[in-house]
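Since the structure comes first, as structure tokens, the remarks are kept for the end.
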Amino acid sequence: MAGISRPRGTDDLLPARVAARERAVAVGMEVAGRYGYQRIETPVFEATELFVRGVGDTTDVVNREMYTFTDRGGRSLTLRPEGTAPAVRAFWESDLRQAPLPVRLAYAGPMFRYDRPGRGRYRQFNQFGVEVLGDTEPELDAEVIALAWRWLAALGVAGTSLQLNSIGDGECRPAYRAALLDHFEPHLAQLPELDQARLRRNPLRILDSKELGSEELLATAPRTTDFLCSGCREAFDRVLQALQAYRIPFALNPRLVRGLDYYVRTTFEVWHEDLRGAQNSLFGGGRYDGLSELLGYPAAPGVGFAAGLERVVLLAPEAAGPQPPVVFLLAAQPAAAATVIVLAERLRERGHEVICDPGRRSLKAKMRGAERSGAALVVILGDAELAAGTATVRRLGDGHQAEVAADDLEQQLQVLVPNWN
RNA sequence: GUGGCUAUAGCUCAGUUGGUUAGAGUGCCAGGUUGUGGCCCUGGAGGUCGAGGGUUCAAGUCCCUCUAGCCACCCCA
């Protein structure tokens with residue numbers, strides 16, 4: 001087809017899919033509200049520096065996936081690739097910092113990453129996420145996970161598994177990193193090229209390698225959880241205990257490392273069996289106690305998660321909720337057109353959903369239109385009704401039909417459809 | 001960013017070894033006598049066969065480039 005098509009990796013949402021996504025967000029905000037989280041919105045673009053410093057300049061997100069541009073004032077701006085760094089910035093720039101800690105926040109909105117598109121992966125995608133700022137209590141990690149878990153349950157998403165790990169902090173991670181390097185270094189030459197590069201750039205990343213040549217070495221590699229310092233060890237134990245109290249099943253996954261640099265201690269992802277291969281991650285998150293300082297602010301520990309709404313919606317069963325009854329008002333003859341419009345407006349003012357067809361098409365065509373619109377009732381006005389001051393009301397479905405006084409239309413409609421609201 | 005597969009009406013797809021005006025189902029519009037939907041019947045609109053080049057007497061069918069989607073990798077949501 002000629003003409004201009006939408007940019008790669010973007011999508012037009014038709015009414016049914018808009019409704020599905022809005023439902024996912026609404027349910028998420030409702031569940032979050034029950035845990036005391038309040039919604040915020042931050043700009044879609046931010047200073048580029050916010051992500052370079054927050055997410056980390058060794059990450060793919062920053063290296064090659066950012067939509068960065070210079071505005072007319074010479075500032076380098078970036079369409080946000082994630083929501084955590086903006087939330088921390090907003091915390092410090094607003095009076096949230098004076099609120100009692102911890103601050104519990106929820107957000108939803110579009111994110112942008114210049115990645116190669118595929119099923120469940122878009123260049124503009126939507127996330128729902130929460131952040132808890134200003135507190136290091138490990139039970140908060142479990143709270144965030146619980147909230148996310150309940151959200152999926154409320155949407156009817158089944159077949160998920162919670163993958164959990166602790167990657168330590170500034171105190172114990174250097175020792176672990178050294179042990180990891182010791183383990184792989186003697187065999188460096190035999191490793192696939194990709195994994196050699198990983199060891200150089202970001203050693204932890206080798207843990208989620210899927211390269212065949214590394215399998216054996218990975219199986220015997222040291223585990224993050226064996227190197228935790230006492231602080232991290234105790235915190236992780238408390239997370240596990242809290243999750244048990246929440247009755248949330250989890251799978252310990254010592255090879256779960258996350259791609260963003262700011263994570264410490266708890267990391268987690270939720271996987272789904274039907275999302276094959278690369279895009280099996282429904283959402284991910286973790287603790288990021290050092291992020292605030294990376295951004296140049298005072299310390300503010302935090303924990304949170306972000307979920308990909310496109311992937312969640314892909315797995316959520318259709319919610320075919322009860323549709324409000326719709327009235328279809330039509331003119332049988334041109335003379336009734338004005339009256340049809342007047343009556344339609346009167347019903348709309350009272351909150352009813354009304355489709356109006358005062359045009360010149362045949363009655364038969366209009367009736368077919370009414371049928372296909374999904375309306376519950378048709379109101380017909382023509383020469384006969386005008387002369388008598390009445391309206392003909394027909395119930396689609398069973399074909400019941402009645403003549404009612406036009407002035408009394410709304411009340412008569414309620415009689416014909418008992419559960420009218 | 002790497003490799004592979006795919007691309008024909010709004011949608012789902014046919015289209016035989018390259019050969020006349022490219023089809024079906026569904027959807028859409030209109031009719032089947034005068035003011036009535038669903039079922040049925042009939043008719044109509046709608047495609048520069050993703051875009052651009054090339055080979056050939058002849059290309060939807062073969063070749064190249066580009067674009068987009070899907071799969072695997074990379075990475076993540």
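Below, chain A is the first sequence line, B the second, and so on; all start at residue 1. Side-chain atoms are counted along with the backbone in the values below, which use heavy atoms only and exclude waters and symmetry mates.
If you measure from atom CZ of R368(A) to atom P of G37(B), you get 9 Å, rounded to the nearest angstrom. If you measure from atom CG of L256(A) to atom P of A77(B), you get 11 Å, rounded to the nearest angstrom. Whole-Å rounding puts the R113(A) CZ to C75(B) P distance at 14 Å. Regarding K364(A), its NZ atom lies at a distance of 11 Å from the C1' atom of C41(B), rounded to whole Å. R258(A) has its CZ atom 16 Å from the C1' atom of C74(B), to the nearest Å. Residue R123(A) contributes atom CZ, which lies 10 Å from atom C1' of G1(B) at whole-angstrom precision. At whole-Å resolution of the value, CG in D115(A) and P in A72(B) are 14 Å apart. In this structure, CD of Q124(A) is placed 14 Å from C1' of A77(B), rounded to the nearest angstrom.
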Table please: side-chain donor-acceptor pairs of residues 151-161 of chain A below 3.5 Å, with sequence neighbours left out.
unit_1, atom_1, unit_2, atom_2, d
W151(A), NE1, A24(A), O, 3.0
S161(A), OG, Q163(A), NE2, 3.1

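To the nearest whole angstrom, the two C1' atoms, one in C73(B) and one in A14(B), are 35 Å apart. With both ends at atom P, the span from C28(B) to G23(B) equals 23 Å, rounded to whole Å. The same atom, C1', is picked in U61(B) and in A22(B); the two are 12 Å apart, to the nearest Å. Taking the C1' atoms as reference points, G1(B) lies 35 Å from A59(B), given to the whole Å. Here the separation of C29(B) from G37(B), taken at their C1' atoms, is 16 Å to the nearest Å. For the P atoms, the distance from G27(B) to G38(B) is 12 Å, rounded to whole Å. Comparing U56(B) with C63(B), their P atoms sit 16 Å apart, to the nearest whole Å. G60(B) and C49(B) are spaced 7 Å apart, taking the P atom of each and rounding to whole Å.
Atom CG of L77(A) and atom CG of L50(A) lie 11.0 Å apart (nearest 0.5 Å). Rounded to the nearest 0.5 Å, atoms CZ (R311(A)) and CG (N280(A)) are 8.0 Å apart.
Residue F283(A) and nucleotide A77(B) are not classified as a stacked aromatic pair, given the requirement of ring centres less than 5.5 Å apart at an interplanar angle below 30°.
For P117(A), counting side-chain heavy atoms from C-beta on, the closest listed nucleotide (C75(B), U36(B), C70(B)) is C70(B). When distances run from any side-chain atom of S281(A) to the nucleotides G35(B), A77(B), C71(B), the shortest one goes to A77(B). Side-chain proximity of R64(A) to the nucleotides A77(B), U36(B), C74(B) is greatest for C74(B). For Y114(A), whose side chain is taken as the heavy atoms from C-beta onward, the closest listed nucleotide among G38(B), A77(B), G1(B) is G1(B). Closest approach to the I380(A) side chain among G1(B), G35(B), G69(B) is made by G35(B) (side chain taken as heavy atoms from C-beta onward). The side chain of E371(A) lies closest to G37(B), out of G37(B), A77(B), C71(B).
A donor and an acceptor atom sit less than 3.5 Å apart, one in the side chain of R116(A) and one in the base of U2(B). Contact of E65(A) with G1(B) (side chain to base): no donor-acceptor pair of N or O atoms is detected under 3.5 Å. In this model, a side-chain donor or acceptor of R121(A) finds a partner on the base of C75(B) within 3.5 Å. Contact annotation: side chain of R372(A) to base of G27(B), donor-acceptor pair absent below 3.5 Å.
A search for side-chain contact (heavy atoms from CB on, under 4.5 Å) contacts involving D289(A) returns T136(A), V264(A), R287(A), P301(A), not counting sequence neighbours. The ring-ring contact (aromatic ring centres under 6.0 Å, His included) search around Y246(A) returns none, not counting sequence neighbours. Remark: F51(A) engages no residue in a ring-ring contact (aromatic ring centres under 6.0 Å, His included) (not counting sequence neighbours). Not counting sequence neighbours, R360(A) has no partner by the salt bridge (charged side-chain N to carboxylate O under 4.0 Å, His left out) test. Take F328(A) and apply the ring-ring contact (aromatic ring centres under 6.0 Å, His included) test, not counting sequence neighbours, and it matches no residue.
For the ring-ring contact (aromatic ring centres under 6.0 Å, His included) condition, the pairs that include at least one residue of residues 176-210 of chain A, sequence neighbours left out, are Y176(A)-F227(A).
With hydrogens and angles disregarded, no donor-acceptor distance shorter than 3.5 Å links the side chain of E269(A) to the backbone of L164(A).
R104(A) and E143(A) are joined by a salt bridge, as a carboxylate oxygen and a charged side-chain nitrogen come within less than 4.0 angstrom of each other.
A306(A) comes within contact range of the sugar-phosphate backbone alone, with a heavy-atom separation under 4.0 Å but no base atom that close. No contact: L330(A) has no heavy atom under 4.0 Å from any strand. Counting any heavy atom pair closer than 4.0 Å across all strands shown, A365(A) reaches sugar-phosphate atoms only and no base atom. Within 4.0 Å of D383(A), counting heavy atoms only, lies at least one base atom of the nucleic acid.
Positionally, the nearest nucleotide of RNA chain B for R6(A) lies more toward the 5' end than for the other of D60(A) and R6(A). Summary of the strand contacts: R361(A) and G285(A) both lie near RNA chain B, and taking for each the nucleotide with the nearest heavy atom, the more 5' one is attributed to R361(A).
Remark: R123(A) is positioned above the aromatic ring of Y114(A), its terminal NZ or CZ atom under 6.0 angstrom from the ring centre and at most 45 degrees off the axis.
Contacts between residues 396-407 of chain A and RNA chain B, defined by a heavy-atom separation under 4.0 Å, are made by L396(A), G397(A), G399(A), Q401(A).
Paired regions of RNA chain B, where each region holds three or more successive Watson-Crick or G-U pairs whose two hydrogen-bonding distances fall under 3.5 Å, are B:1-7 with B:67-73, B:10-13 with B:23-26, B:28-32 with B:40-44, B:50-54 with B:62-66.
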